[in-house]
Amino acid sequence: MKKHFSLRVCLAAILTLSMTVFASAEPKRISSVRFIQMQQITSTGRAPIVTGLSLSNDGQRLVTVGDDHKARVWNVTNGELVHTLNDQKDWVRSVKFSPDGKFFVTGGMDDQLYCYDANNYKRVMQFEDARTSVRAISFSPSDSERMAVVGFDSSVYIYDTSVGRKMRTWETTSNDQRCVSFSPDSNYVAAAGRDGNVRIFNMANGRVVTDLRQHRLRVWALSFSEDGQYLATAGEDRKICIWSMKDFQLLKEYEFPSGKVSALTFCGPDMIAAGSTNNRICVWNLRSADSAPVYVMDEHHGTVAELLWDKSRKVLISCSFDSTVRFWEWKSPSMAVSEVPVFR
């Protein structure tokens with residue numbers, strides 16, 4: 001009888017310990033601190049979905065773009081609409097401020113790219129026709145004169161922003177390129193799309209440096225860490241891959257709980273945030289050996305289209321097909337991404 005009692009006690013203790021460990025691994029749910037709601041002004045009487053956003057250098061203005069063919073400038077402090085731009089004739093998919101903060105560029109499904117003065121919002125120029133529906137834009141961080149553009153063909157276009165013309169055209173391995181980004185030192189350009197391959201180009205000579213082939217399905221998002229040591233990629237296979245830019249080896253891999261991964265950004269040196277078609281945002285601690293997210297945000301009611309990190313305020317900003325922009329913040333210990341444990 002004593003043996004059976006002892007066994008029950010041991011099993012109860014193990015179960016309690018297991019439940020405690022499981023509970024400690026549960027992600028913390030974060031609520032947005034504020035949000036911007038698009039107004040119902042489309043011809044069908046609904047609010048426009050938001051598919052792209054960019055923050056000004058001083059953090060005071062936010063530009064959003066969406067399916068109603070418009071770009072809107074917002075006051076970040078009070079959420080008021082400052083200005084509306086109406087040049088694009090179709091869905092606007094991407095917008096980016098230049099690194100020097102003097103202008104921003106919008107691109108959309110009408111194959112057009114427009115450049116605007118960041119102070120008075122007047123159109124500076126219309127870029128040379130991209131000849132493809134524009135999906136993503138990225139500026140060279142070291143200057144504001146080079147801009148990478150991808151769309152629904154197989155090319156990466158490098159523009160000279162001083163004249164608005166294409167400097168170079170590089171080929172990827174498939175049509176329907178969904179994302180593009182310069183590395184922080186401007187030495188590399190990464191692009192990815194339909195076939196799951198992430199191609200990295202040398203900016204100086206345009207040569208292919210390597211192809212990263214971990215994803216099985218379309219890649220929708222990629223992001224470089226601020227120090228340029230790491231590249232994160234994600235997409236339809238729900239994988240989030242962390243790569244070393246030193247030797248292009250896979251360091252770590254996460255799996256999004258549900259939905260295709262549609263947005264991605266590093267949040268400081270030790271966190272990676274991902275948004276999905278299942279309306280959810282998850283944040284992982286890169287220093288942790290645990291593969292579970294540490295934070296979850298589930299207030300969106302539509303696909304999370306883009307994420308950006310406001311490093312000055314330490315705020316994550318998201319936009320969604322639910323016609324909102326949301327602002328999130330959390331407190332976490334300082335951890336260095338350089339100590340990412342190798343995942344095999």
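Scope of the values below: all heavy atoms of this structure, side chains included, with no hydrogens, waters or symmetry mates. Numbers here are sequence positions counted from 1.
With sequence neighbours excluded, the residues forming a side chain to side chain donor-acceptor pair (under 3.5 Å) with Q214 are E253, listed by chain and number. Residues satisfying the side chain to side chain donor-acceptor pair (under 3.5 Å) test with S54, not counting sequence neighbours, are none. With sequence neighbours left out, N202 forms a side chain to side chain contact (heavy atoms under 4.5 Å, CB included) with A204, N205, V209. Legend: residues meeting ring pair (Phe, Tyr, Trp, His ring centres under 6.0 Å) with Y157, ordered by chain and number and at least two apart, are absent. Residues forming a side chain to side chain donor-acceptor pair (under 3.5 Å) with R146 (at least two apart in sequence, or on another chain): S140, S142, D143. Every residue two or more places apart in sequence or in another chain that forms a ring pair (Phe, Tyr, Trp, His ring centres under 6.0 Å) with F97 is listed here: F104. Y114 pairs by the ring pair (Phe, Tyr, Trp, His ring centres under 6.0 Å) definition with nothing, not counting sequence neighbours. Residues passing the ring pair (Phe, Tyr, Trp, His ring centres under 6.0 Å) test with W91, sequence neighbours excluded: none. For T64, the side chain to side chain donor-acceptor pair (under 3.5 Å) partners are W74, not counting sequence neighbours.
W220 belongs to no hydrophobic cluster with other residues, because no ILVMFWY side-chain heavy atom falls under 4.5 Å from its own, directly or through intermediates.
Each ring-ring contact (aromatic ring centres under 6.0 Å, His included) pair with one or both residues in residues 169-190, not counting sequence neighbours, appears once here: W170-F201. Applying the salt bridge (Lys or Arg N to Asp or Glu O under 4.0 Å) rule to pairs touching residues 231-241 yields R218-E236, R238-E255, sequence neighbours excluded.
Looking at R93 and D67, no side-chain N of the basic residue comes within less than 4.0 Å of a carboxylate O on the acidic one, giving no salt bridge.
Judged purely by distance below 3.5 Å, without hydrogens or angles, the side chains of N187 and D185 pair a donor atom with an acceptor atom.
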